[in-house]
Every structure is written in structure tokens, then in C-alpha cells.
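In listed order, ligands and their atoms are each counted from 1. Hydrogens, waters and symmetry mates are skipped; everything else that's a heavy atom, side chains included, is used. We're numbering straight along the sequence, starting at 1.
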Amino acid sequence: MKDSNFLKENNARFMWHPMTSPQDSKDNPPKIITGSSGVRITDIDGHSVVDAVGGLWNVNLGYSCQPVKDAITAQLETLPYYSTFRGASNDAAIELSYELGQFFAPDGLSRAFFTSGGSDSVETALRLARQFHKLRGEAGRVKFLSLKKGYHGTHIGGASVNGNANFRTAYEPLLPGCYHIPAPYTYRNLFNETDPERLAQLCAAALEDEIAFQGANTIAAMIMEPILGAGGVIPPHKSFAPMVREICDRHGILLITDEVITAYGRTGAWSGARLWGIQPDMMCTAKAITNGFFPFGAVMLGEKMVAAFEDNPSAKIGHGYTYSGHPVGAAAALACLEEMQRLNVVENAAVRGTQLFEGCLALKERYDVIGDVRGGHGLMTAIELVGDRATKAPIDAVSAGKVQEVAYQSGAMVRVSGANLILSPPLVLTEEDATTILSALDAGLAAL
Ligand SMILES: *Cc1c(COP(=O)(O)O)cnc(C)c1O
């Protein structure tokens with residue numbers, strides 16, 4: 001490896017970073033992470049912090065998880081690559097499809113379509129949704145519905161159903177036929193509704209209204225995150241997902257849950273669908289499926305999809321990726337599935353999630369700059385910062401950046417996304433680690 005002077009000198013000079021401007025990366029050079037252990041990361045200067053970002057919502061089992069590393073190296077030795085396009089398969093992908101079918105049986109999902117990540121999984125689900133209706137003689141069902149503030153990756157289809165202008169405006173025109181429903185975001189919503197249950201009803205009514213306006217027989221699918229993640233950790237009232245499921249069913253619309261974050265235990269349940277007691281027709285997964293150690297994803301498919309595609313000899317899937325069912329990714333995912341269940345990470349996610357959430361609520365009592373704290377379902381928590389509590393004016397970017405930097409110097413990497421500090425640490429977090437995160441946040445907030 002090149003020495004640290006070389007790395008610092010060339011930091012962000014020849015690499016464009018996602019989700020920021022090249023100029024900003026030069027002005028505020030990104031942290032150079034060079035090592036990791038357990039739930040900690042180490043930067044180029046040897047500073048070690050608890051990674052409250054969990055990689056990027058994906059390193060659920062921490063950085064040292066040996067069984068996953070071993071599975072990857074063993075697979076590299078025996079079969080480092082083979083495709084799963086027509087006429088070929090590989091042992092790891094076959095075994096993984098079987099295990100995922102068992103794992104997601106309670107969600108009513110039995111088949112897997114493999115991808116290289118979350119955006120790929122979203123794209124796959126959107127495409128298969130349109131094909132589903134064509135196979136069933138309803139070729140007019142081509143539109144998609146989704147929630148404002150939702151995040152569905154950055155491919156054109158995903159960007160089109162995204163509910164955040166930051167990922168849309170510069171890339172328009174996007175896919176036609178995508179329509180957005182208000183999110184059940186209690187802190188800010190156009191209904192001025194502060195009761196989560198009542199707000200869920202209003203958002204469900206808005207969904208009904210949009211379906212009536214568009215015409216149900218023009219709509220292919222509704223895609224939504226069970227708990228909105230990148231949009232600022234927005235958990236809806238528990239009545240919301242069941243209402244959406246019922247509405248979709250009544251109108252012949254497929255329901256896709258985008259569980260790129262919520263699948264595999266993060267919410268304190270093994271899936272977001274299970275958390276809310278619904279069964280989706282398709283579920284997008286990725287991120288934690290390989291603990292972040294290999295780019296991989298899986299779209300899980302339910303009974304309706306199985307019936308439409310498997311009982312129809314002309315249902316040819318004109319979709320797939322060179323890396324669909326990559327044996328190294330599949331081997332990593334198999335090891336992850338085993339390890340996450342052996343460690344029962346859902347239980348720890350729930351317990352430590354409560355600790356972190358309550359700790360953040362306590363910080364809100366002490367710092368006026370905290371407008372809202374959201375979480376309470378496993379290890380996904382957000383602190384929304386405001387410039388003024390009364391008007392809810394968003395905080396300026398410089399102040400938010402300062403909280404992040406001081407928190408980092410005080411022992412925890414936290415993520416700033418807009419006005420939100422987002423906490424999504426590994427699910428193997430200990431009580432002490434959670435305390436470290438909270439005291440680092442305390443120091444960061446005190447610095448304002
Ligand atoms: C991260 C994410 C994606 C995109 O996944 P990538 O692996 O970055 O392509 C899609 N949907 C949700 C809900 C996500 O959080």
C-alpha cells in the first residue's frame with residue numbers, strides 16, 4: 001500500500017464520490033478508513049471509533065465476522081465465478097436459493113432472483129411487476145406508486161420511484177408513470193397531523209385517492225420501505241403497512257417491500273414485512289445479505305409471482321446481471337444467514353435499539369437543536385436537527401457537519417444526511433458500544 005502522505009494527497013482527486021460534489025470532497029476531504037475490528041473502524045491516522053453507520057446499513061455482523069471471510073476465501077479457491085444465465089448454475093447459488101426460501105417462508109416468499117446490490121434489486125422488482133401483469137393479460141398495468149421521502153436506489157427506475165428531489169431533479173426526465181403518496185412522517189406532513197395512527201389513515205386515504213385518479217387497471221405495483229431509511233428513519237404507525245396491503249389487494253396492485261435495509265434483522269424482526277405482519281408479493285434485499293463484504297442482493301418472490309411465471313411456458317425472463325447468483329456472493333450470504341441466526345441478532349438489535357433510541361430521546365431533553373428523534377424499532381434511529389424548534393426550520397449544513405466531526409473525534413462515526421443524524425450500527429453492538437455512541441453524540445451536540 002502507498003504511504004499515508006500519498007493517500008491524503010490524492011484523496012478525492014481522482015475519484016468522484018457518491019452523494020456529494022467533487023468540489024466538496026476536495027474542500028472537506030473524506031475520512032480515509034484503513035482498518036476495522038468488531039464494530040470499530042480505524043482511520044489513516046490511527047484514530048479508532050465505533051462505527052454507528054454500520055458501513056452503510058450493511059455490516060450487521062461487524063467487521064471481524066470470520067465465518068463470512070472464510071466462506072469467501074474458500075469459494076474463491078473452488079469456483080471464483082460462474083454465471084447463472086440460461087444453461088448454467090453453481091452450487092453456492094442453488095444452496096442459497098434453498099436457504100432463503102426457508103428463511104423467508106414466514107413472509108410468504110419462496111423464490112429468489114439474485115442481483116449485485118440494492119438498486120439492482122429494485123430494478124428487478126419493478127421490471128418483473130410489469131411482466132407479471134402482461135403475463136396475466138393486463139398489459140395496461142404499467143405505473144408505479146411509492147412514498148415521498150422513500151429511497152429506492154439510484155438506477156433510473158429506482159430514481160423514478162424515489163421520493164427525494166436530490167436524487168431526481170438533475171437526472172430528469174425519469175420513468176413516466178411514477179406517482180408519489182405522502183409519507184407517514186409525523187414530525188412534518190401537509191395534513192398538520194401529529195397523531196401517527198390518524199396520519200397513517202390519511203396517507204392510506206391519499207393512496208386510495210391516487211389509485212382512483214390514475215385508474216387501478218393502469219397500476220402495476222406499489223413499492224415502499226417498511227420503515228423509511230435513508231429518508232430519515234421514518235417508522236409509520238403499525239396500522240399503515242396492513243392498510244397498504246389491503247388496498248393493493250383490493251385493486252390488483254402488487255406490493256413490493258424494499259427491504260434493502262430492513263431485511264435480515266435490523267428492525268428487531270427478521271424482515272420489515274414480518275415486523276408489520278404483512279406478506280409482500282416481492283421483497284427487495286441486499287446490503288446486510290453479505291454483511292457488506294461482497295456486492296450482492298436477492299429479490300424474493302411470493303405465490304402470485306410464482307404462479308404467473310412458473311405455470312406459463314412463455315414467461316421468459318429477459319432480465320439478469322452478469323453477477324446474478326455470483327458464487328462468492330452466494331457463499332458469503334450463506335455464511336451470513338447462518339451466523340445471523342446463530343447469534344440471534346434480532347434480539348440484540350431490539351434491546352440495543354431501545355437503548356440507543358431512549359438515549360437519543362434523553363439528548364432531546366437537553367438540546368434544543370434536536371427537533372425530532374425517530375426509531376424504536378431495532379437499530380435504526382435518526383435525530384433530526386433544527387435551527388429553531390418552534391418553526392422547525394432545518395439546521396444549516398455547517399452546523400450539522402460540526403456535530404458529526406466532533407462526534408467522530410469523541411469516538412463514533414455517525415452519518416449526516418440532510419438535517420438528520422442517522423444511526424445504523426452493526427447489530428452485534430454491545431451496551432458499552434451504544435454508550436460510546438451516545439456520549440460522542442452528546443459531545444457533538446454540546447459543540448454547537
Ligand atoms: C441502499 C438502498 C438501496 C440501494 O442499494 P445499493 O446497494 O446502494 O444499490 C435501495 N433501497 C433501499 C431501501 C436502500 O436503503
What residue and atom, counting heavy atoms only, is the protein's closest point to atom 8 (O) of ligand 1, and at what distance?
Ser119 OG, 4.3 Å

Ion pair check, Glu405 and Lys31, cut-off under 4.0 Å
yes

Is the closest basic N to carboxylate O distance between Arg245 and Asp281 below 4.0 Å?
yes

Which ligand 1 atoms does Glu225 reach within 4.0 Å, using its non-hydrogen atoms?
13 (C)

With respect to Asp120, determine whether any N or O atom, backbone or side chain, lies less than 3.5 Å from an N or O atom of ligand 1.
no

Output yes when the distance from some N or O of ligand 1 to some N or O of Asp258 is under 3.5 Å, and no in every other case.
yes

Test item: Cys336 and Ile289 side chains (from C-beta on) under 4.5 Å apart, heavy atoms:
no

Mind checking whether Lys287 contacts ligand 1 via backbone (N, CA, C, O), side chain (CB onward), both or neither, at a 4.0 Å heavy-atom cut-off?
side chain

Nitrogen or oxygen atoms of His152 and ligand 1 under 3.5 Å apart:
no

Report yes if Gly118 has an N/O atom closer than 3.5 Å to an N/O atom of ligand 1; otherwise report no.
yes

From the options Asn162, Val260, Thr262, select the one whose nearest heavy atom is closest to atom 3 (C) of ligand 1.
Val260

At under 4.0 Å between heavy atoms, is it the side chain or the backbone of Ala286 that contacts ligand 1, or both, or neither?
neither

Determine whether Phe104 and Tyr264 satisfy the following criterion, ring pair (Phe, Tyr, Trp, His ring centres under 6.0 Å), listing intermediate values before the conclusion.
CA-CA 10 Å; Phe104 287 110; Tyr264 311 111; 5.5 Å; yes

Please state whether the rings of His319 and Tyr321 are parallel, tilted or perpendicular, taking 30° and 60° as the class boundaries.
perpendicular

Apply side chain to side chain contact (heavy atoms under 4.5 Å, CB included) to residues Phe309 and Leu301 and explain how you reach the verdict.
CA-CA 10 Å; Phe309 281 77; Leu301 307 155; over 6 Å; no

Does NZ or CZ of Lys304 come closer than 6.0 Å to the centre of the six-membered ring of Phe132, within 45° of the ring's axis?
no

Quick check on contacts: which atoms of ligand 1 are under 4.0 angstrom from a heavy atom of Ile261?
15 (O)

Evaluation steps, side chain to side chain contact (heavy atoms under 4.5 Å, CB included), between Leu174 and Ile156
CA-CA 6 Å; Leu174 296 167; Ile156 285 284; 4.2 Å; yes

Side chain, backbone, both or neither: Tyr151 near ligand 1, heavy atoms under 4.0 Å:
both

Who's closest to atom 10 (C) of ligand 1 heavy-atom-wise, of Gly153, Gly150, Ala230, Gly117?
Gly153

